[in-house]
2 protein chains.
Amino acid sequence: MKGKITLKQIAKELDVSISTVSKALSDSKEISEETKQKIKAFAELYNYRPNNIALSLQNRKTKTIGILIPEIVHHFFSTVISGIELVANKRGYNVIVGLSNESFTKEIINMEMLANGSIDGFILSISKETLLKQDYHHFTATINQGIPIVMFDRVVAEVACDKVIVDDLNGSVKAVQKLVDTGCRNIAIITTMDYVSVGRLRTQGYIKALEDNKITPNPNLILKLDDSLDLENHLELLENEIRKFFDLNPGIDGVFAVNELYAITAMKVAQKMGFHIPEDIQVIGFTDGVLSKHATPTLTTVSQHGKRIGEQAANLLIDRLQNEDDSYEQYLVSSKPKTDYIKLVIETEIIERDSTK
Amino acid sequence: MKGKITLKQIAKELDVSISTVSKALSDSKEISEETKQKIKAFAELYNYRPNNIALSLQNRKTKTIGILIPEIVHHFFSTVISGIELVANKRGYNVIVGLSNESFTKEIINMEMLANGSIDGFILSISKETLLKQDYHHFTATINQGIPIVMFDRVVAEVACDKVIVDDLNGSVKAVQKLVDTGCRNIAIITTMDYVSVGRLRTQGYIKALEDNKITPNPNLILKLDDSLDLENHLELLENEIRKFFDLNPGIDGVFAVNELYAITAMKVAQKMGFHIPEDIQVIGFTDGVLSKHATPTLTTVSQHGKRIGEQAANLLIDRLQNEDDSYEQYLVSSKPKTDYIKLVIETEIIERDSTK
DNA sequence: ATTATTAGCGAAAACGTTTTCGTGTTGAAA
DNA sequence: TTTCAACACGAAAACGTTTTCGCTAATAAT
């Protein structure tokens, strides 16, 4: 019972040809009922399963998608993976994950490693370093190689491919609007540097919402944090920044933070300073993770539906992969098919908890 | 520039044989310097990379390991993955993940899918349903097929394979000891049903620590929660259970919870009941995740070093895979090599924060 | 009785590699 | 001049499939 049995072995044992075995198992009508029975029984007995690698080589497709994300110990990203895995499995695909660790080089290495036949397509979110460098040649290169890419969340206009994004702008507008509606006039935003597109967009949404309500945005109320400082592991730094910010701007009555960490830290700092939440200051965060649910008070957030993002991205990719199949001959003959790429925008939703009125 | 170039194409273009190209690229001395130069230059120009699938078929090994875990949106499991990925990549392996969703059937399906040639070995943590059923035939079957398995965290004695586990018992002892040392006499434990081995072991550690200190364990102070209730998404249920527990046992001055969720919920409930932490009640949790760091007060925990677990598991697996290679001929000739499996115990560490004195 | 079909099966190519084993050519040794 | 090694390369097998094409024998049609 060691090792998997192959067609060749079955053929030898039963004294037929390999082709006969293959056909019998796929129930081809070229083979007599009698022979089929015999072969099937034997295969069953020895638990024959076709070798995936051989199939992949033959079909020149692996039925697996490569996921490439900055990190995996992260609620949003792991949620997206779970969504991808769900539909991938349902549609007969496997999932292989690579981690860039926010590094440009690791991103490239991982892509090249997987692009050499291991996967049929990529679903990825761009690393911060790549975003900073604005060097996207590895993406376009693999697309030119014929490997489709679907980007999610951290996407970039320079690369022509399918994309699934959160409606960052609208989500932020909604969040800030809620603050306005519940009486806030001095609304601050705690955000990231502009090169992270989601930070930029959420800031824009913040400004738009204010302007929609005839409130002039006050630059002093915009706190841009440099997250290259690894604030995650230096909470004191983060708290200090926010405390200084609060000290400098005494009138703040509402805070919109572009991620969970900033939001709950803001709450903590405010509470330490003697403010009550939501009575004195209301807080809304972007990204609905574990922290929001368990903070005190529980945090009102803009949920980005990570699972749905993953599902949609997977569907987009697999659709494209299967389309490629169908139109392969046409593709060879006709002029390059006008590939128009899809950009899916996943709506956000405000989850109301106790940090707002 | 569409599609990857193959040896065959290079051979044709340069009017040499496929073998010559292959040898030239691997710098064989069978080939003249001149020809090598030419071929290498051409290959470089067209960015030739050997096709992984073809290599896998040839070598009958894929250089990828399959990870099979119950869920991925989970701090501990994703941390383990990050550890696996780290050493896997360093040692030239890729990582393909499957999610069992705590389901027996999905676990089997996933295993079979991957076992047909897609991976060289498994690293896995057993699903709850499987643990309940106590049906482990799929594990032994794949091991008998010649595919090595390394189990971590949720392991089981019935399956002979390498294992990496947390020192649950000792970790719990340490935690409870700390509570005792800081003055607690009425120490409660909030744990899971016994079929989850980690729950059972941690409970044992709790009892042992008490006995070590000549404190008679009080059955009333042991709260076993049935987590099939999906308490994660029904926090009220969880809170109610804990509140009832506190009400029934007024004297509690220390709580040891076997996971983060139970711990912070216990804190929350206690605080709502007017207790102060750590003055009135001290709390320690098992598993160091995001919640612990950000709870109020921050939670003292027993850290299980998930990343290290992943790293060790990956090393164990890859070591075994490479050993297989070396001793293959010997294996064929000699009697079955005495496989003695390794069980690594990763020590825990108490991370002191503000929920204890 | 001859031809045309059809049923049932096998040979071989193909996917992209690596590697073993020739084989022909060259230059040097005898 | 003959012999032999070294050199430089190619043919072919193998990994495990699927699939196209042929082939043989039996049956049906003429």
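Order of the sequence lines fixes the chain letters, A, B, ..., with proteins taken first and strands second; residue numbering starts at 1 for each chain.
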Is it the case that the side chains of B:K4 and B:N51 hold a donor-acceptor pair, with the cut-off being a distance below 3.5 Å and no angle test?
no
Could you tell me, to 10°, how much the axis swings from one end of the helix from C:dA1-D:dT30 to C:dA30-D:dT1 to the other, five pairs per end?
80°
Classify the ring geometry between B:H74 and B:F77 as parallel (under 30°), tilted (30 to 60°) or perpendicular (over 60°).
tilted
Euclidean distance, atom CG of residue B:D15 to atom P of D:dC9 [Å, nearest integer]
12 Å
Residues two or more places apart in sequence or in another chain: which of them pass side chain to side chain contact (heavy atoms under 4.5 Å, CB included) with B:I342?
B:D162, B:L316, B:L344
Electrostatic pair A:R154:A:E102 at N-O distance under 4.0 angstrom:
yes
Under 3.5 Å, which donor-acceptor pairs do the side chains of residues 5-16 of chain B form with other protein atoms, sequence neighbours left out?
residue	atom	partner	partner atom	Å
B:T6	OG1	B:K8	N	3.3
B:T6	OG1	B:Q9	N	3.2

Nucleotide-resolved protein contact map, nucleotides 13-19 of chain C, B/S/- at heavy-atom distance under 4.0 Å:
-BBBBBB
Whole-Å gap separating P (D:dA8) and CG (B:L14)
17 Å
Under 4.0 Å from any atom of DNA chain C, heavy atoms only: list the residues of residues 108-121 of chain B that qualify, in numerical order.
none
As a test of understanding, state which of A:V156, A:I126, A:N144 forms a side chain to side chain contact (heavy atoms under 4.5 Å, CB included) with A:F139.
A:I126
Inspect the contact between A:R320 and A:D120 and indicate whether a charged nitrogen and a carboxylate oxygen are less than 4.0 angstrom apart.
no
Could you pull out the protein-nucleic contacts involving nucleotides 5-8 of chain C (nitrogen or oxygen on both sides, under 3.5 Å)?
none

Between B:I67 and B:V80, is any pair of side-chain heavy atoms under 4.5 Å apart?
no
